[in-house]
Every structure is written in structure tokens, then in C-alpha cells.
J.: 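The structure follows.
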Amino acid sequence: MSQHDGKKWLVAAALSSALLTMQAVAHFDEDEMPQSYRQSYFALLASNFGPMVAAVKGEIPWEQTQMENWANDLAALSTLDVMRGFVDGSDKGTTRAKPDIWENKADFTSKMDTLHKELVTLQEVTAKGDRAKTAEQVGAAGKACKACHDEYKAKNYLY
């Protein structure tokens, strides 16, 4: 890689970080801290997982290093305790989280644990550089995401 290419990557990384930070902070609301926490968490998940899905579908170029970076960030996000954002009483306010989460907390927590395991596996598989296996694991992680969306995420804000 030339010095010029290195500078391009540095600028791209800085811009990406700034955009991700803005997207996460956009959800911040002092009056609804748990909602803000979880919405920021999910925004970061989407910001990393969405491009991986797009690369698997061929909608954007497959850049192995970038795929690994996204997978690494997803694995890092899986270490955060997102359940802090689902404390009792946080089912009201600006949220698309269905009240069923608080009625079925054990099931919801189990689904989140499954997602986190799939994201760690995605990191491991992506690091090996096998596109077919990475694509397969993107699908598995996507299924884990969808398991929560189907039962616990409203299409529109509830309140």
C-alpha cells in the first residue's frame, strides 16, 4: 500500500468513526437514559452489520480487511451489557421495544445471548478469510437478530 493509500484509509477511518459517534449520540436523551443506551447500542450494531450484509449480497465491494473490522467491532459490542438498557420502567417513552420484553425477560435475554455468541463466531470465521463461510455466518447472525425483531421490536415508536 502506498503512503497515499494509507492516508486515504486514515481519513476514511476518521470519517467513519465520526459518523458512528454521531449516530450513537443522536439517540442520547437524558430523560430516557435506558432507551438512549439501548438505541445507541443497536445503532452501532446496524452500522457494522448492515455493510457486512451488503457485501455478502454483492451490493458493495467485499474488502476483507473491512469485513474483519466490522466483525471485530460487532464482537466488541457483544461484550457490552445491553440489558442495562432494558431496566424495569424503560418500556415507556421513545421506544420501539415492545412491552413483551419485560413480560418475557428470560426469553429476550436468551435471544440476546444467542446473538452475542453468533457475533463472536462471526469474528472468528471472518478472520479466517473464507468468504463462503463468512457469508454463512452473516446469515446465522442475521437470524439471531431477526429472532428478537420478530417478537420484541415494533415497526413504529410505541409512545
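Predicted model only: the values in this text are computed from it and were never measured.
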J.: Say whether, by atom type as modelled, one donor and one acceptor occur between the side chain of Gln64 and the main chain of Thr126 under 3.5 angstrom.
T.: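 Looks like yes, one N/O pair under 3.5 Å.
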J.: Does the plane of the ring in Tyr41 sit parallel, tilted or perpendicular to the ring in His116? Use 30° and 60° as the thresholds.
T.: perpendicular
J.: Are any side-chain N or O atoms of Lys105 and backbone N or O atoms of Phe86, one a donor and one an acceptor, separated by less than 3.5 Å?
T.: yes
J.: Backbone N or O of Ser36 within a donor-acceptor pair of the Ser40 side chain at under 3.5 Å?
T.: yes
J.: Taking Trp70 for its side chain and Thr65 for its backbone only, find out whether a donor-acceptor pair lies under 3.5 Å.
T.: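 Checking the backbone N and O of Thr65 against the side chain of Trp70, no donor-acceptor pair under 3.5 Å is found.
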J.: Counting only N and O atoms by type, is there a donor-acceptor contact under 3.5 Å from the side chain of Thr79 to the main-chain atoms of Ala75?
T.: no
J.: Can you tell whether the side chains of Asp113 and Lys117 come within less than 4.0 Å, N to carboxylate O?
T.: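 So Asp113 does not pair with Lys117 through a salt bridge.
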J.: Nearest 0.5 angstrom please: Leu77 CG to Phe42 CZ, how far?
T.: 10.5 Å
J.: Which distance, rounded to the nearest 0.5 Å, do you find between the CG of Leu122 and the CD of Glu68?
T.: 11.0 Å
J.: For Asp91, is there any backbone N or O sitting under 3.5 Å from a side-chain donor or acceptor partner on Thr95?
T.: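 No; zero donor-acceptor contacts below 3.5 Å.
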J.: For the residue pair Met67 and Thr134, what are the closest heavy atoms and their distance?
T.: CE-CG2, 4.2 Å
J.: Closest heavy-atom contact between Thr109 and Met83?
T.: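 Closest pair (atom of Thr109, atom of Met83, distance): OG1-CE, 3.3 Å.
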J.: Measure across Met112 and Cys148 and return the closest heavy-atom pair with its distance rounded to 0.1 Å.
T.: SD-SG, 4.1 Å
J.: Ignoring hydrogens and angles, tell me if any N or O in the side chain of Asn104 forms a donor-acceptor pair with the backbone of Asp107 under 3.5 Å.
T.: no
J.: To check you understand the geometry: which heavy-atom pair defines the closest contact between Trp62 and Ala135, and what is its length?
T.: CH2-N, 4.5 Å
